[in-house]
Amino acid sequence: LEFEKQKTWLNIRLEYSRSQLTKKLHKVNALKKDIQKRREDIDNLKKAEENCRQILDELMAKQQQLKDVIITQNSNIDTVQTQIEEERKKFLAVESSTGWICVSYLHISYPKENRITAIGVKNVLHSDVQALQSDQEVKAHLRSLLQQIASQEDVLCKTAAPNQRAQENLKTLRHKFQEYTDAFEAITKEARMRRQEFEQVKKRRYDLFSRCFEHVSTSVDQVYKKLCGNNSAQAFLMAENSEEPYLEGISYSCVAPGKRFMLMDDLSRGEKCVAALALLFAVHSFQPAPLFVLNEVDAALDNTNIGKVSSYIKEQSQEQFQMIVISSKEEFFSKADSVIGICPEYEDCMFSRVLTLDLSQYPDTEDQETSKRHGESHEKVECP
């Protein structure tokens, strides 16, 4: 008989394990699809990141080119300004040394249209200017200087105006970049701290849940055996997610005495009621409260199961907790220590009347007969 019980229990566990394995396989397939999709997303993100890096490199190269152009233009401007300053000094030196040179009506043996009228020239200094002898040499030197000035003016016109605030803008951008870098480092540090706190809370949550789950898993089988009055009855809990059991469901299965393993939905109303009470009492045993209230839990129970449940409740109420049960079945409330009845009463108006009865003064004949039977059976066994 014990071998048959073990065989039945193993078959039940095998069927349950197969169903769980099927669920796990479906879950693994779903996770594989999700992993494949996430890998594709990662590849797309890597491609996008590479494109962004290329664009950033191009922008940095363009920025460097613009900086080089600005530096070149600034150097050209400085050179042109230096040349203009030198020419200005030459003109001032000519004015101070030679004064005005007035050439009036130089009559040359050329046609009248080439005749030169009076020209006031404020001309160049240095020894080259002072060494000039004729008016033609002075005029030629003046023409060359004017051409040089015109060429320098063309260079200045073609040169873009420098941005005088470029250095200030660069400093502002560097300051902003430093601010963003500091903010990013602060946020990263804060996120790391929050992650550590989250892991600590997660570990504490797992430890608390595991402690309660292990206690309930152990107690529910014992309570179910007591409620059924048969050691062949079995009840067990199974977490669908072993790593984080509080994120998913918990499977609760029971094997009624003399029956094979069935899902909870396939049990009868009475068997479901007994299984639910077993789970309720097992959860309550983890952190028991001093007072327990049940409301018509015997509605789906037959007389046999009512006697078993009421006996268990009476036994526990004497040691563990006090219990108030609302029931309308005599088979149930006749096992109580005291009965409180509510009934309507009519006088001038209808009101509720409370009736109380202490049953502890009246012995339970069924319990006495049952204890006598157990005693007689023990005596018969002990006789040689």
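Being a predicted model, the structure only gives us computed values, none of them experimental.
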Hey, are the side chains of [X] and [Y] touching, using non-hydrogen atoms and a 4.5 Å cut-off?
| X | Y | value |
| --- | --- | --- |
| Phe198 | Lys202 | yes |
| Phe236 | Ser217 | no |
| Met323 | Leu294 | yes |
| Glu40 | Gln36 | yes |
| Val274 | Cys228 | yes |
| Arg192 | Lys189 | yes |
| Lys67 | Ile70 | no |

In terms of relative ring orientation, are His284 and Phe292 parallel, tilted or perpendicular, with 30° and 60° separating the classes? perpendicular

Assign the ring pair Phe286 / His215 to parallel, tilted or perpendicular, where the plane angle (0 to 90°) is split at 30° and 60°. tilted

For [X] against [Y], the heavy-atom pair lying closest together:
| X | Y | value |
| --- | --- | --- |
| Glu271 | Ala256 | OE2-CB, 3.7 Å |
| Pro257 | Asn230 | CB-ND2, 3.6 Å |
| Ser251 | Ser253 | OG-OG, 3.9 Å |
| Leu359 | Ser334 | CD1-O, 3.9 Å |
| Ala299 | Lys329 | O-NZ, 3.4 Å |

Pick one: which of Ser310, Ser327, Ser328 meets side chain to side chain donor-acceptor pair (under 3.5 Å) with Asp298? Ser327

Return yes when atom [atom1] of [X] has more than 12 non-hydrogen atoms of other residues, nucleotides or ligands closer than 6.0 Å, and no otherwise.
| X | atom1 | value |
| --- | --- | --- |
| Phe177 | CZ | no |
| Glu244 | CD | yes |
| Arg194 | CZ | yes |
| Gln54 | CD | yes |

Please tell me whether [X] and [Y] are part of a single hydrophobic cluster in this structure, the criterion being side-chain heavy atoms less than 4.5 Å apart.
| X | Y | answer |
| --- | --- | --- |
| Phe213 | Tyr206 | yes |
| Val255 | Leu14 | no |
| Leu173 | Tyr180 | no |
| Ile326 | Val339 | no |
| Leu247 | Tyr252 | yes |

Assess whether a salt bridge exists between [X] and [Y], defined as any Lys/Arg side-chain N lying under 4.0 Å from an Asp/Glu carboxylate O.
| X | Y | answer |
| --- | --- | --- |
| Lys225 | Asp221 | yes |
| Lys226 | Glu315 | no |
| Lys37 | Asp41 | no |
| Glu49 | Arg53 | yes |

Consider salt bridge (Lys or Arg N to Asp or Glu O under 4.0 Å). Of Lys23, Lys24, Lys27, which one does Glu248 pass it with? Lys27

Ignoring hydrogens and angles, state whether a donor on the side chain of Asp182 or Gln178 is under 3.5 Å from an acceptor on the partner side chain. yes

Any chance the side chains of Thr304 and Asp302 put a donor and an acceptor closer than 3.5 Å? no

Calculate, to the nearest 0.5 Å, the distance between atoms [atom1] and [atom2] belonging to [X] and [Y] respectively.
| X | Y | atom1 | atom2 | result |
| --- | --- | --- | --- | --- |
| Arg205 | Tyr246 | CZ | OH | 5.0 Å |
| Leu227 | Leu301 | CG | CG | 9.5 Å |
| Lys335 | Ile306 | NZ | CD1 | 10.5 Å |
| Phe333 | Ile340 | CZ | CD1 | 13.0 Å |
| Leu66 | Ile71 | CG | CD1 | 11.0 Å |
| Met238 | Ser19 | CE | OG | 9.0 Å |

Donor-acceptor under 3.5 Å (Ser317 side chain, Lys314 main chain): yes

So, Asn76 side chain and Thr72 main chain: donor-acceptor pair closer than 3.5 Å or not? yes

If you take the centroid of each ring, where Trp contributes its six-membered ring, are Phe281 and Tyr312 closer together than 6.0 Å? yes

Identified side-chain contact (heavy atoms from CB on, under 4.5 Å) counterpart of Arg195 within the set Glu197, Glu199, Met193: Glu199

Can you list the steps and then say if Lys308 with Asn305 is a side-chain contact (heavy atoms from CB on, under 4.5 Å)? CA-CA 5 Å; Lys308 295 177 182 179; Asn305 287 324; 4.2 Å; yes

Apply side-chain contact (heavy atoms from CB on, under 4.5 Å) to the pair Leu279 and Val216, showing each step before the final yes or no. CA-CA 8 Å; Leu279 181 61; Val216 175; 4.1 Å; yes

Output, in order, the C-alpha distance, side-chain angles, deciding distance and verdict of side-chain contact (heavy atoms from CB on, under 4.5 Å) for Cys343 and Leu355. CA-CA 8 Å; Cys343 63; Leu355 304 176; 4.1 Å; yes

Worked verdict on Ile313 versus Phe332 for side-chain contact (heavy atoms from CB on, under 4.5 Å): CA-CA 10 Å; Ile313 291 175; Phe332 195 94; 3.8 Å; yes

List the steps, then state whether salt bridge (charged side-chain N to carboxylate O under 4.0 Å, His left out) holds for Arg39 with Asp43. CA-CA 6 Å; Arg39 285 179 178 173; Asp43 294 336; over 6 Å; no

